[in-house]
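Convention: sequence-line order gives letters A, B, ...; per-chain numbering from 1.
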Amino acid sequence: MINGVRVVWGNWQRTIDRYAVIIYQAINGGGGPSPALALAAAGGVPHQRAATPPGGAPPPVADDGFLWAVPKYRRSVERRMMRRYGAESWPNGRKLIKPKNNLIFCLKCGSHYLPGMLCMTCYNRVKSETEELQKAVAQQQGLTPPDREVAIVYRGEREAIDDQQAKAVRLVELPKERPRWFSKNLMQRTTTPVATETAPVKPSDLG
Amino acid sequence: MLSARILQRIIATNAAWPGGITAAAATLLPSRVPSSVPELGPARPAGVRAMSFLPPTGPRRWPLYNEQVFPPTGADEAPRPAFVCHVKTNVKYSTKKMWYIASMIRGMSIEEALKQLQFVNKKGAQIVSEALKEAQEMAVRDHNVEFKNNLWVAESFATKGRVLKGLRRHARARPGIVHYRYTHYFVRLEEGAPPEQYYADAPLPPEEMLKRWLEQRRQRTITHSL
């Protein structure tokens, strides 16, 4: 339909051009190329015009596009709001913030955390304690090169280490009490005794 | 100054005490304005329009809802739940962004809301969390709420605060305007358990929908019949 309107407008423009040549020449006393030639170039008077325009379709003029891409209908307020703010149904609630239903409860501290991640309160607690230890070690080390392992002892644990052991390591003493969650035993893989004698066990109750 | 409408409402609730407020009952009324009414900022003088260089004013009516003193409910009436209204004014955040967070927590219990806001990766989540915690504290301290977790978010919305405008430069020396947006965040907590559905037009469960459909079908009659 837009193409049809364009053709109508183009034809109207060309009609104007055709008769403008005649009028111009009449005013100026027959100067310039003959009207017939001019009319032929412009397409001739209507009864001389060929059924199809010569040289294919004429190129569009700048004014031809007065119906270029414009909105045809007013956007309703529902559509506007849906586009800007979103809704559960459109587009699938992606724009809205949905509450999470897969949060896990940390048994050690009682706060929630996402699956596949660490509990943030526990992590931050460990992180702050680690930073404190690192600061104490760095302070004691100073600018001397690290040549020995570092052993960290909290309040009340120095007595458990004998002097020979203490010389072999760099001992860092902290005046605070050991946190309850910080086990002394970090290197032992298991507390259950390793079985020495093993025998193959056949599963029972298999039909 | 108090708006005339809000003042009338407060007076009306106070005057609705049957038989007037007796001397004995008056001893139970708060003798001081509860500290939950925040220090209201300077009121803009009449006839002065808001300008960016003047200090920002904020909403003044929301905290006044806390000042209402209701008469005791009758034996046959449902108990009136306690509520607290709180506002955080002139927060440096955009209202459009705050809307998403405010609308998420509507109708949630305060515990659930605080839990969910921990996992929302937006600046507004922090602001709303703080507002909720402040409101919770106010409710327990000033508004006779027994258990601080027995609250739910009855109203939660954000409005536009002062917008300051600045200039920036685009390519080819073209100017651009930068909007520094502020927002006010409002929340009302009510005592009790949250409702099953917050919005009236929430989708019903399938059993309920079937029941309604059947009822509609059974109510059909033949027109102009006996």
* Listed partners of Lys108(A) passing salt bridge (Lys or Arg N to Asp or Glu O under 4.0 Å), at least two apart -> none
* Please name the pair of heavy atoms, one in Pro99(A) and one in Met108(B), separated by the smallest distance, quoted to 0.1 Å. => CB-CE, 3.8 Å
* Structure fact -> Expected contact set for residues 146-167 of chain A against chain B at heavy-atom separation under 4.5 Å reads none
Between chain A and chain B, which N or O donor and acceptor atoms come closer than 3.5 Å?
{"from": "Arg84(A)", "atom 1": "O", "to": "Tyr100(B)", "atom 2": "OH", "distance (Å)": "3.3"}
{"from": "Tyr85(A)", "atom 1": "O", "to": "Tyr100(B)", "atom 2": "OH", "distance (Å)": "3.1"}
{"from": "Lys100(A)", "atom 1": "N", "to": "Gln116(B)", "atom 2": "OE1", "distance (Å)": "2.7"}
{"from": "Lys100(A)", "atom 1": "O", "to": "Gln116(B)", "atom 2": "NE2", "distance (Å)": "2.8"}

* Assess whether atom CG of Leu186(A) is packed by more than 12 heavy atoms of other residues, nucleotides or ligands within 6.0 Å. => yes
* Pairwise salt bridge (charged side-chain N to carboxylate O under 4.0 Å, His left out) hits with a residue in residues 110-137 of chain A, at least two apart -> Glu129(A)-Lys176(A), Glu132(A)-Lys176(A)
* Asked: If you count the non-hydrogen atoms of other residues, nucleotides and ligands that lie under 6.0 Å from CG in Leu214(B), is the total more than 12?
  -> yes
* **Side chain / backbone / both / neither for Ile101(B) at chain A, heavy atoms under 4.5 Å** => both
* With a 4.5 angstrom heavy-atom cut-off, could you sort out which part of Leu114(A) is near chain B: side chain, backbone, both or neither? => both
